[in-house]
Amino acid sequence: MALLEQAVFPRERPGETLQPAVELLLQQLGVADAVQTAGFLRHTGHWVQWGSARQFSAFGQGATGPCRGFQIPRDVLDNLLLCRAAESGVQVLQPCRVLRVIRDRQRVCGVQTRQGDFTAPHLIDASGACSWLSRQLQLRWRKFSPRLIAHYGYAAGVCLEDNVFCGIEADPLGWYWTAKIGERRYHWTRLSFFPENQAQDIPPATFKHLAASGPVRGADVTWRVGQQAAGDGFFIAGDAAFVLDPAASQGVLKALMSGMMAAHAVIQARSTPWHELSIQQQYQQWVNEWFNRDRHKMCELYRAHPFPPTWLLNR
Ligand SMILES: Cc1cc2nc3c(=O)[nH]c(=O)nc-3n(C[C@H](O)[C@H](O)[C@H](O)COP(=O)(O)OP(=O)(O)OC[C@H]3O[C@@H](n4cnc5c(N)ncnc54)[C@H](O)[C@@H]3O)c2cc1C
């Protein structure tokens, strides 16, 4: 088994705030102890200011106390996962940019890279929002929002306002997400419902006194789902399969879980090749159901926004 990653780690990626449900996946992936030992910040819910007075939305109670999420810098989490994969016997090639898909008739059977060709009975595409395999295979996407760009940045210093610990706040143009992600380290994301709004890449007022750490970046978070998440010789996981904007707050959970589901599907397809078509169909259905369920939740959330986006009204 081989994992091909084009970037040298550590590499920048947003998505530090993780839901409590991630803990079970981290256990199954064998990195829960390392995460516990590292002592990341944990939170019991989010502050929400969405029209009415600001209120705390708790995750609820678990068997041993309040459920808690994590604030884990992505460079740290992704490195833990990569090292774990290598320990488990996966051949990690990094940096290794995948250039072209190799097909035998219609079946995906490998990739071309600068380091040579790699063939395999199955390929899992986890290339993120660039959706490398969908592009290669010229698969279509269905879009459910106008073009949405989320801007985000990091800040360093001390912020005394507790609401920045982790929360979302609506305003006439969209929303801000702010989170304390480590000692003296904060993240913010801005989503404007109006892409033409020039001033959307400005940090929230609560972070004005903090020092910017790194540039403000933008990411295309248009709601979209790929036409095909599985086919002959391939499965597509994470953002490469579907994207909702970060208010859905579970991009990393989805990436981990769909990666695990895709791996499971590959194992099943290898042991019962005569069932491969139905395994592909089940995976495809699972991805579609997840996307549609979350899309409807996002529509409900945005309808409750004090200034709901007009593009939502006809949906
Ligand atoms: C502003 C913002 C804030 C967010 N905040 C949160 C949050 O708080 N919590 C949360 O859960 N989610 C959050 N998300 C969503 C989260 O970032 C994504 O859902 C998540 O990163 C998807 O993971 P992935 O593994 O699918 O893709 P990625 O993390 O993008 O990883 C894809 C990998 O594929 C590699 N790759 C791409 N092309 C090639 C190629 N040709 N060859 C080799 N390698 C390649 C890339 O280098 C990269 O390492 C946020 C998103 C944005 C934009």
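For clarity, every value in this text was computed on a predicted model and none was experimentally measured. Read the numbers this way: they start at 1 and go in the same order the structure lists the ligands and their atoms. Position 1 is the first residue of the sequence; numbering continues from there. Just so it is clear, the values below take in all heavy atoms, side chains as well, and ignore hydrogens, waters and symmetry mates.
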Can you pull out every salt bridge (charged side-chain N to carboxylate O under 4.0 Å, His left out) where at least one residue sits in residues 107-126? Sequence neighbours excluded, please. R107-E276
Checking D33 against Q27: is there a side-chain donor and acceptor pair closer than 3.5 Å? no
Would you list the pairs meeting salt bridge (charged side-chain N to carboxylate O under 4.0 Å, His left out) in which at least one residue belongs to residues 2-21, sequence neighbours left out? R11-D78, E12-R217
Just by distance, no angles: are the side chains of Q284 and E289 close enough, under 3.5 Å, to form a donor-acceptor pair? no
What does the 4.0 Å heavy-atom contact list look like for ligand 1? L4, E5, Q6, A7, R11, R13, P14, G15, E16, T17, R74, C96, R97, V98, A126, S127, G128, C130, W132, Y152, T189, A219, V221, G238, D239, P246, Q250, G251, V252, A255
Donor-acceptor contacts, no H, no angles, side chain residues 92-103, under 3.5 Å, sequence neighbours left out:
{"residue": "Q94", "atom": "NE2", "partner": "A7", "partner atom": "O", "Å": "2.9"}
{"residue": "R97", "atom": "NH1", "partner": "Q6", "partner atom": "OE1", "Å": "2.3"}
{"residue": "R100", "atom": "NE", "partner": "Q112", "partner atom": "OE1", "Å": "3.3"}

Plane angle bin for Y302 and W50 - parallel if under 30°, tilted between 30 and 60°, otherwise perpendicular: parallel
